[in-house]
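Beneath this line is the structure, given in structure tokens, with notes to follow.
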Amino acid sequence: MQPPHTPPTSADDLLARCQAIAGLSLGELASLANVAIPANLQRHKGWPGMLIEKWLGATAGSKPQQDFPELGIELKTIPIDAAFRPLETTYVCYAPLAGQTGVTWETSNVRNKLQQVLWLPLEGDRQIPLADRRVASGFLWSPDAAEDLELRQDWEELTEMIALGKVEAITARQGNALHIRPKAASGKVLTDALNEDGERIQTRPRGFYLRKSFTEAILARMFG
DNA sequence: GCGTGATCATTC
DNA sequence: GAATGATCACGC
């Protein structure tokens, strides 16, 4: 077995690729793909995600769109414990901080990214050696009306604060499903934002993340 | 620096 | 122990 050389042609094709790797360990997938296995993830935090992208035929690169644009599907690997509960929050996308005007929930990056997600849970317990961690069954998810509403309310609240120049007042404690946290290579990285007087300021870049409680409910519906 | 892939590690 | 705030690697 080898990683595919072409993108999946349909959602069914993509799901079939998931089925083909379900139950295999990251070590097995890495050696079959001739990818080196890091000792741990401390300096390779995105490694599992990159490996799975390769196995599903996602086009490599850092485009700000979905992983499978022709299918309208975003891929998210998610580390889980033995009870299929998420061990980490899920990064969605950058939070625009400088003069985003006229953007609504319907046209937001967050909604676009979450319109249709292929969740691929993997064992993430730090006690399990990285190479031994197995991949679970991937599944497609789209937010239902209640989830969409929950996400929209959080997004609108946070986006309004940014628009009012209150970026610095935003805390990760805000938001039921979606929240904002720093997202950068280090605390030295700065980007443009606006203060309450509409003046340009420099602040740490932020990103939107899904809370564990939100993704836990999604996983529970599938595996619970 | 932006945006991708995220997890780490300090604080609560 | 969990959540928040901070950080690591890579391509361009």
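On a predicted model such as this, the values are computed, not experimentally measured, just so you know.
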Is a side-chain donor-acceptor pair under 3.5 Å present for A/Q2 with A/W55?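 No.
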Using 4.0 Å as the upper bound for N to carboxylate O, is an ion pair formed by A/E106 and A/R111?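 Between A/E106 and A/R111 there is a salt bridge, with a charged N closer than 4.0 Å to a carboxylate O.
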Taking the basic N atoms (NZ, or NE/NH1/NH2) and the acidic carboxylate oxygens, is any pair closer than 4.0 Å for A/E168 and A/K166?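 The answer is no: the pair does not qualify as a salt bridge.
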Scoring nucleotides 3-10 of chain B by protein non-hydrogen atoms under 4.0 Å (B base, S sugar-phosphate only, - none) yields BBBBBBB-
Rounded distance in Å - [atom1] ([X]) to [atom2] ([N]):
X: A/D125; N: C/dG1; atom1: CG; atom2: P; answer: 13 Å
X: A/L97; N: B/dG1; atom1: CG; atom2: P; answer: 14 Å
X: A/K54; N: C/dG11; atom1: NZ; atom2: P; answer: 12 Å
X: A/R85; N: C/dA2; atom1: CZ; atom2: C1'; answer: 12 Å
X: A/L178; N: C/dT4; atom1: CG; atom2: P; answer: 12 Å
X: A/R204; N: C/dT4; atom1: CZ; atom2: P; answer: 14 Å

In the structure I gave you, are the side-chain heavy atoms of A/N40 and A/Q42 within less than 4.5 Å of one another anywhere?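 They are in side-chain contact.
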Heavy-atom check, side chain of A/T191 versus side chain of A/Y94, under 4.5 Å: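 No; the side chains remain at least 4.5 Å from each other.
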In terms of ring plane angle, is the pair A/W155 and A/W105 parallel, tilted or perpendicular, where the classes change at 30° and 60°?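 Because their plane-to-plane angle lies in the 30° to 60° range, the rings of A/W155 and A/W105 count as tilted.
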Identify whether any heavy atom of A/L87 sits under 4.0 Å from a base atom; if not, whether one sits that close to sugar-phosphate; answer base, sugar-phosphate or nothing.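 Here A/L87 touches no strand at all.
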Contact under 4.0 Å: A/R211 side-chain N or O vs C/dT4 OP1/OP2: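 Yes, A/R211 has a side-chain N/O under 4.0 Å of OP1/OP2 on C/dT4.
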